[in-house]
Amino acid sequence: VYDSFNNIIIGEGTYIISELVVNSYSSITGNSDGKTILKWDTNIDGINKAVLRASKSPVGTTASEAISRANIKNIVLDATGCDYGLYANYCTNETKFDNITALYATKANIVINKSLFASYTNITAEQGKDKGIVIAKNLSGETGDSAVNTCYFENIRAHHNGTDNTYDAS
């Protein structure tokens, strides 16, 4: 559902998707009590994919164009069968992520790379097969700068990740 300003408003429920791509100046808002669930379609290959991709470039490629002033909030990402829950690569200019929970990803529940002047609040990664939250580290073949600078972080949590017992800190 779109409101009068072309913001996407997603109601309570579970939605099976292949990959939701965030664009600049977009707003995606779910139900505030964690009942808006975006679930990866397990019939689709989830390698180098994310349930929610906040990047103009596909996962595994170098982002050369920024996402600006996007606003994503109140979403649960079920990444069962997918490499990433939230993949944020080159988010800047007051892009905001709030109240996002990512679950069950194969590589990392949440990846934040190459971000400047963005904010990440109330972010949770739970029960990922490998990594919970990864900041400023290329994981899927991206090259170039992955630095995260002048970003605001508040209430960032990871719980019970590494469930496949193959975690390697290198």
Side-chain angles (χ1 to χ4, degrees), residues 17-24 26 28 37-41 44-68 70-164 166-170:
I17 65 169
S18 58
E19 188 171 54
L20 180 59
V21 179
V22 175
N23 292 309
S24 291
S26 64
I28 301 169
I37 301 166
L38 303 181
K39 182 176 175 57
W40 181 257
D41 183 347
I44 297 173
D45 182 6
I47 295 174
N48 280 340
K49 297 288 183 181
V51 177
L52 180 65
R53 176 169 51 96
S55 177
K56 292 186 179 181
S57 301
V59 172
T61 62
T62 301
S64 59
E65 192 175 349
I67 298 286
S68 295
N71 187 14
I72 300 90
K73 64 182 176 180
N74 303 331
I75 303 287
V76 175
L77 305 169
D78 180 340
T80 301
C82 187
D83 279 353
Y84 304 102
L86 170 62
Y87 179 84
N89 193 1
Y90 205 179
C91 294
T92 187
N93 298 330
E94 303 305 322
T95 292
K96 297 177 182 176
F97 299 88
D98 181 48
N99 197 25
I100 308 292
T101 298
L103 310 160
Y104 315 126
T106 304
K107 284 191 177 181
N109 277 322
I110 297 169
V111 172
I112 302 168
N113 279 341
K114 197 175 182 178
S115 286
L116 306 154
F117 305 105
S119 67
Y120 300 86
T121 57
N122 305 307
I123 305 296
T124 304
E126 293 184 35
Q127 301 179 47
K129 290 187 179 205
D130 194 358
K131 297 165 184 67
I133 301 171
V134 177
I135 299 173
K137 182 171 175 69
N138 295 326
L139 294 178
S140 290
E142 304 90 339
T143 60
D145 187 11
S146 64
V148 174
N149 293 303
T150 59
C151 287
Y152 178 76
F153 291 93
E154 180 182 343
N155 197 22
I156 308 298
R157 299 172 288 156
H159 173 68
H160 199 2
N161 293 285
T163 60
D164 67 0
T166 61
Y167 175 72
D168 178 7
S170 60

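Being a predicted model, the structure only gives us computed values, none of them experimental.
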### Message
Under the side chain to side chain contact (heavy atoms under 4.5 Å, CB included) test against Y84, which residue among L139, N109, V51 passes?
### Response
L139

### Message
To the nearest 0.5 Å, what is the distance between OG1 on T62 and CG on N138?
### Response
7.0 Å

### Task
Please list, chain by chain and in numerical order, all residues satisfying salt bridge (Lys or Arg N to Asp or Glu O under 4.0 Å) with E142, sequence neighbours excluded.
none

### Query
Do Y87 and S140 have side-chain atoms, one donor and one acceptor, less than 3.5 Å apart?
no

### Query
Counting heavy atoms not belonging to K49, are there more than 12 under 6.0 Å from its NZ?
no

### Task
Check the side chains of N99 and N74 for a donor-acceptor pair under 3.5 angstrom, ignoring hydrogens and angles.
yes

## Note on the structure
Closest non-hydrogen contact found for S24 with S68 is OG-N, 2.9 Å

### Atom of F117, atom of C151 and distance for their closest heavy-atom approach
N-SG, 4.0 Å

#### Entry: Shortest non-hydrogen contact between N161 and A158, atoms and distance
ND2-CB, 3.7 Å

### Task
Would you sort out whether L20 and L38 count as a side chain to side chain contact (heavy atoms under 4.5 Å, CB included), showing the intermediate values?
CA-CA 9 Å; L20 180 59; L38 303 181; 3.8 Å; yes

## Note on the structure
Output for pair (N155 CG, N122 CG), nearest 0.5 Å, gives 4.5 Å

### Query
Is there a side-chain contact between V59 and D83 (heavy atoms, below 4.5 Å)?
no

### Message
Let me confirm one number: the OH-CD distance from Y120 to E154, rounded to the nearest 0.5 Å.
### Response
15.0 Å

### Query
Side chains of R53 and V111: closer than 4.5 Å at any heavy-atom pair?
no

### Task
Give the C-alpha distance, both sets of side-chain angles, the deciding distance and a yes or no for side-chain hydrogen bond (donor to acceptor under 3.5 Å, both in side chains) between N89 and S55.
CA-CA 5 Å; N89 193 1; S55 177; 4.5 Å; no

### Query
What are the two closest heavy atoms between A105 and G85, and how far apart are they?
CB-N, 3.9 Å

### Query
Does any N or O in the side chain of Q127 come within less than 3.5 Å of the main-chain N or O of Y104, such that one atom is a donor and the other an acceptor?
no

### Query
Taking C-beta and beyond as the side chain, do I112 and F153 meet within less than 4.5 Å on heavy atoms?
yes

### Task
Any chance you could measure T80, atom OG1, to L77, atom CG, to the nearest 0.5 Å?
11.0 Å

## Note on the structure
NE2 (H160) and CD (E126) are apart, to the nearest 0.5 Å, by 10.0 Å

### Task
Could you pull out the closest heavy-atom pair between K137 and N113, with the gap in Å?
N-OD1, 2.9 Å

### Task
Going by the side chain to side chain contact (heavy atoms under 4.5 Å, CB included) test, name the single residue among T124, I123, I135 that passes it with I156.
I123

### Summary
Taken in chain and number order and not counting sequence neighbours, the residues that satisfy salt bridge (Lys or Arg N to Asp or Glu O under 4.0 Å) with K73 are none

### Query
Between T106 and D130, which heavy-atom pair has the shortest distance, and what is it?
O-CB, 3.4 Å

### Distance in Å, K114 NZ paired with C91 SG, rounded so as to fall on 0.5 Å steps
11.0 Å

